[in-house]
Structures are given as structure tokens and as C-alpha cells.
Amino acid sequence: MNNHPSEQHPSDWQLQELLDGELAPPETADLRTHLATCPICSLRLDELRQLFASIEALPPAALVTDLTLGVLARIARGQLPPAIWGRPQPQTWLHTHLILPVQFIASLGLIFMFWPVASLLLRSLFQRLEMLPAASNRLVEMTVFISGGWRAVAELIRSSMEQGIEAALDLAWLPEIPVFSGLPAGVLLAAVTLLWFVGNGLLIGKGSYLRRNK
Amino acid sequence: MLLRAQTGDPAAFGALVEAHQASVFNVCYRLLGNRQEAEDLAQEAFVRAYQRLYTFNTQLPFGPWMRRVAANLCLNHLAKYTINQVSMDEERDDPAENVLPGPEKVQELVELRHELRAALLSLPPHYRVVIELRHFQDLSYAEIAQALALPVSDVKSHLFRARKILAEKLKAYE
């Protein structure tokens, strides 16, 4: 910025930036030096200052209607999920190291509990459709394994109550583990996944993933 | 209050609405120039804010964030419906602000305000919003750029051109 008023006047943009407090300190100092000696620019700055003041002096309009009830009514009508549903869940140590494995084991437990019944239904379906005999055989193997597992657990509990846990463990037996492959393994995996998702409220419930992304 | 509202407590959010409704309504009114529309959009702004409350940092004041939500909503509304509404509702200023002596002076001031509001409403929506954010919400160029997802150079150019138009309109009125 030149100090001589007639040589180089600041642009309107620079004057506005000065009033907005957006000029860097060295530029501000230069501009103020110029303004101190240039009546033309001082007048321009005053006009701008007056415009700014007029805008900012516009009084607020009075609100005659209370908006609170309308907003709350819309929330209550269920048009909105509660605010908390959108909040990303914090991934704590507990969450990643304990809750997820527990959820997985619980899902697996549920599958094992209902597998014998489910496999009977699947087998009768396969037989009725006269298809997938190999898959049907694998279902039988898995059912035998799972049923055997439950029997082993029941036996372990009974023996430990009668003879103590150490003796019960000595006598404990495990059913033979079948080959988890093909359709039964797929069904098992899909069932665990589905239970896991349902358990996390991703497929069902208010504010679920699917509902939020509809 | 904010923390309670963030956990989905509608009553706590109601208290926030009550505290900030006048300023949010005024943002909408300055940008839209129509009372009914401003009330509707202010209500909509609160509803949107409720949905996005989890994104709000409770260490910051709620009012400025809420007013930015309202300004953005009005800008989208204006862009969608491209209303360039020069006419506006009769101004009903807050009575507490009208404390000037002398009927002539008061009349003059009322007319100037009316002209200024009309001039503001005649601006293109993007110009109107930057004026709102700079002069009424006291945001810096960088903050306006962030709020509107625009480059700072665009903010400057909108702001300077808007002021130029306003100055010319007011000069013509005088």
C-alpha cells in the first residue's frame, strides 16, 4: 500500500476485508496508514461502515407462535427416530474384546439348541423335494454331533453333581466331530450371521439400519 | 440439557427449542421474508437438528450450530423453489427494539428498515445467506465457507457483491 493518497487507493474488497477483520496484520497496518492520509478512502470506509451498521441494526422480528409444541408433536408422532439411534456406537475395548465374542458364542449356542429340530425339518424338505441326498446325509451327521454334544454336557453336569467335577471330567466324552462342509456349514454360518444381526438390532426395531436407510 | 437431548429425551430437546426458537425463526425470516414460511422452516430446522444431534459437539454452544442448520435449510429451500420474493410480510419488530423518540424519526427508521429488508430479500439466495452468516451470526469467511461447503474465494465474492447491491439499492432509496 502506498502512503500517498493519490497514487494507489485500496479496492472496495480490501476495505470490506478490513471491516470484517479478515486482513492480515501487515496489510491492516498499511491500509490504516493510507486511510489516515486519504479523505476519499476514509469516506468510502465510512459509507461501508454505515452499511454494515444498518444491516446489523435490523431488529429481530417477534415470533408470535410457539414452535416447541409443533416440533415435539412431530417427534412424538414417530416421524423421527430418537436422536440416539443415529449416534455411532463407540468401539470400546469391552465392545471389541468381550461383547462381540460373547454374542457370537451365544448365537452359536442358540443354533445348537435348535439345530436338531431345524435339521429334521430340512431333511423332510429335502426328501420331499427328492434332492440333495448328500446334503441330507451331512445334516444327519451334524445333528448326531450336536445332539451328542448336548448329551455330553448333560452327562457332565449330572456326573459332576454326583461324583465331583474332577471325576466327571475324567469320565467325560466328546462326540465325533463331523466334516463341516457344504450346505450344512453354509446354513450354520448364515444362521449365526442372521442371529448376530438380529441381536444387534440391525434388521429389526426402531431406528434399525434398514429402516434408517429406507 | 444438551446431553439429555442427545440421548433422545424429547422434553430436554423441547427446552432447547423454547430457548432458541426466536433466533432460529429470525434467521429464516430474514432469508425468506415470509412469516408462515419462516415458522415452517424454523420448525423443520429443529426437527433436522434433532435427527443430527448426535453429530453435535456438546462442548460448543448450541445456538450458533442451530442457526447454521436453519440457514442451510433455508438456502436449500430457496434453491429448490427459486423464490425471489421481493414483497414481504409487514414487519412486526420486537417491541423492545422500538425505543426511539420522535414520530418522524421513527417513521424514517421504519422505512429504512423496510427498504433494507426488501433489498436483502431481492438478493440471490447465496448472497443472502452469506450476509446472514457474516452480519447476523458473526462468522468468519472460513467459517462461512465451511458451513456452506464453498471455497473461501466464493464466500468473499458473494459477500462483496451482495454488499455492493445493497449499497446501491439503499443509495437509490435515499
Side-chain angles (χ1 to χ4, degrees), chain A residues 10-24 43-90 205-207 211-214, chain B residues 5-11 13-18 21-26 29-30 35 38-40 42-44 46-47 49-55 89 91-98 109 112-113 116-117 120 131 134-136 138 140-142 156-157 159-160 163-164 166-167 170-171:
Chain A
S11 65
D12 275 353
W13 283 43
Q14 283 173 302
L15 292 177
Q16 290 193 34
E17 281 183 313
L18 177 74
L19 288 179
D20 285 329
E22 297 272 355
L23 272 186
L43 188 65
R44 286 166 59 211
L45 188 71
D46 280 346
E47 283 174 356
L48 272 175
R49 198 176 274 139
Q50 210 172 340
L51 174 69
F52 283 25
S54 302
I55 295 170
E56 283 158 23
L58 272 179
L63 176 63
V64 289
T65 317
D66 188 355
L67 305 178
T68 317
L69 290 176
V71 173
L72 291 182
R74 283 188 59 184
I75 292 169
R77 276 204 304 270
Q79 289 182 0
L80 300 166
I84 194 164
W85 284 106
R87 187 202 297 245
Q89 294 300 312
K206 253 186 181 180
R211 284 198 189 179
R212 272 188 282 127
N213 289 284
K214 246 184 201 172
Chain B
Q6 268 195 330
T7 60
D9 178 351
F13 190 70
L16 287 174
V17 175
E18 207 168 347
Q21 58 180 340
S23 66
V24 171
F25 162 76
N26 267 282
Y29 184 55
R30 279 190 295 265
R35 280 187 165 274
E39 282 178 13
D40 291 347
Q43 201 178 88
E44 180 65 27
F46 279 114
V47 166
Y50 181 73
Q51 284 174 302
R52 286 162 177 55
L53 208 54
Y54 65 90
T55 64
D89 288 356
E91 188 180 326
R92 231 182 307 174
D93 293 340
D94 200 326
E97 297 287 333
N98 297 325
L109 194 64
L112 175 71
R113 284 171 179 173
L116 190 54
R117 279 191 199 274
L120 277 169
I131 290 283
R134 176 71 201 109
H135 287 285
F136 296 97
D138 206 25
S140 67
Y141 295 169
K156 278 190 198 181
S157 114
L159 198 51
F160 299 160
R163 284 165 175 164
K164 197 173 175 202
L166 288 178
L170 287 186
K171 206 164 261 180

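These numbers come from the heavy atoms of this one structure, side chains and all, not from hydrogens, waters or symmetry mates. Per chain, numbering begins at 1; letters A, B, ... match sequence-line order.
Using a 4.5 Å cut-off between heavy atoms, A:Ile55 touches chain B through backbone and side chain atoms alike. Only the side chain of B:Ile131 has a heavy atom closer than 4.5 Å to any heavy atom of chain A. For B:Ser157, the parts lying near chain A are the backbone and the side chain together; criterion is any non-hydrogen pair under 4.5 Å. For chain B, the nearby part of A:Glu47 is the side chain; its heavy atoms alone come within less than 4.5 Å.
Residues A:Gln16 and B:Leu159 share a closest heavy-atom pair of OE1-O, 4.2 Å. The two atoms that bring A:Ala61 and B:Arg35 nearest to each other are CB-NH2, 3.7 Å, heavy atoms only.
With contacts defined as side-chain heavy-atom distances shorter than 4.5 Å, the pair B:Phe136/A:Leu58 qualifies. Under the 4.5 Å side-chain criterion, counting only non-hydrogen atoms from C-beta, A:Val71 is not in contact with B:Tyr50. The shortest side-chain heavy-atom distance between B:Val17 and A:Leu72 does not fall under the 4.5 Å cut-off. Within the 4.5 Å cutoff, side-chain heavy atoms of B:Lys156 are placed close to those of A:Glu17. Residues A:Leu67 and B:Val24 form no side-chain contact, since every pair of their non-hydrogen atoms from C-beta on lies 4.5 Å or further apart. B:Phe25 places none of its side-chain heavy atoms less than 4.5 Å from the side chain of A:Thr65. For the pair A:Arg74 and B:Phe46, the minimum side-chain heavy-atom distance is 4.5 Å or more.
Here B:Arg163 is the residue among B:Arg30, B:Arg163, B:Gln43, B:Glu39 with the most heavy-atom pairs under 4.5 Å with chain A.
Side-chain N or O atoms of B:Arg134 include one that pairs as donor or acceptor with a backbone N or O of A:Asp20 at under 3.5 Å.
Between A:Asp12 and B:Lys164, no side-chain nitrogen of the basic residue sits less than 4.0 Å from a carboxylate oxygen of the acidic one, so the salt-bridge criterion is not met.
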